[in-house]
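In each ligand, atom 1 is the first atom listed, and ligand 1 is the first ligand listed.
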Amino acid sequence: MKDHKTDLSAFGRLSALPRITLMSGPTALSGLPNLSSVYKGEVNLLAKRDDCGELAFGGNKVRQLEFYFGEAKAQNADTILITGAVQSNFVRLAAAAARKLGMDCHIQLEERVAKSDPYYRTSGNVLLDKLLGATLHSYADGEDEAGADENLGVIAEDLKSKGARPYIIPLAPGSAPLGALGYIICAQEILQQQKEQDIEIDEIVVASGSGNTHGGLLFGLRVLGSSIPVKGICVRREAEQQGPRIKDRCQQIADFLEIDNPVADDDVEVDDTFLPPGYGAANDDVMQAILVAARTEALMLDPTYTGKSMAGFMARASEAKQDSTLVFLHTGGTPAIFAYEQAFEQAFNKFA
Ligand SMILES: *Cc1c(COP(=O)(O)O)cnc(C)c1O
């Protein structure tokens, strides 16, 4: 696929890093007029549609994977290894990108979510992982990023002994922030679209998990001189842990790119109001937000990530000043909907 024209000169080493383009152009930044009218049309709501990608249902991990696959190809790897939750969108998209690039993919699924839903282990992303022909492994602990990475190393050694050339996509915070770089490019795209559409964005709301999306976006905006606030909606950890994590991530990006870190401490905004009961499970407010977004804008949101960020977005919309322009960054996750059928049935009964 062709690279879209971007000037990355403000980002230090970024343009010199290996990258494989997995998107053929910018994603849409489009209006949400029906949802805006829920707030009496007094706010202007838009969505940045990173859920719409040509690669296997798309999502925010596509941008992140461009740099991992760039490095993997530069190292002449032929097999990708990655770890994630059972319903991880990241591993599904890694498997998809691997196929597009003629590579094999080994996926390690961590037991991060205690789920009774019969579809959680078979449908949604798991079904797609299998459809893509990835080799699945399981890891018993869902909160041990370093241990999970280490175990991937064991699998990689085994593959090497069989003649494969493995490349590991690491998830622990200490590793190079390659994923976040994809959202630097997204920041540039959003500023370009803001100009083209002649709008002034007052805030961007985004799910904050590993922090690659949140951190990369915030970093990219600030480097480019934009002070648009980015509100991170916690989907994995409480604000008390997530805030420092995002700050660290921004510093890591700066160190990695060998440029100054333009992100001030109070640029990092995180909100964990919609996190309970925890990662991979949604409360009533979140399920209701999902239903409202579907029934006003036909947006497809999932209970783990985008349902929570939408609940946060709606909360911001209801408190925003008149004529504010708010952007919801839709990070994808669509296939996970099918893994949560029970949660959806319960929500239909409760809120129909
Ligand atoms: C992974 C993921 C997120 C969180 O992104 P991070 O970069 O890990 O913070 C948000 N939404 C969806 C759909 C995801 O798959």
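Partners of A315 according to the side chain to side chain contact (heavy atoms under 4.5 Å, CB included) rule, which considers only residues two or more places apart in sequence or in another chain, are F274. A187 pairs by the side chain to side chain contact (heavy atoms under 4.5 Å, CB included) definition with L217, L221, not counting sequence neighbours. With sequence neighbours excluded, no residue forms a side chain to side chain contact (heavy atoms under 4.5 Å, CB included) with S37.
Contact shell of ligand 1 (protein heavy atoms, cutoff 4.0 Å): N60, K61, Q64, N89, A207, S208, G209, S210, G211, N212, T213, Y305, T331, G332, G333.
Residues Q251 and D255 have side chains that bring a donor and an acceptor to within less than 3.5 angstrom of each other. No donor-acceptor contact under 3.5 angstrom links the side chains of T83 and E145, judged on distance only. Inspection of the Q242 and R245 side chains reveals no N or O donor paired with an N or O acceptor under 3.5 Å.
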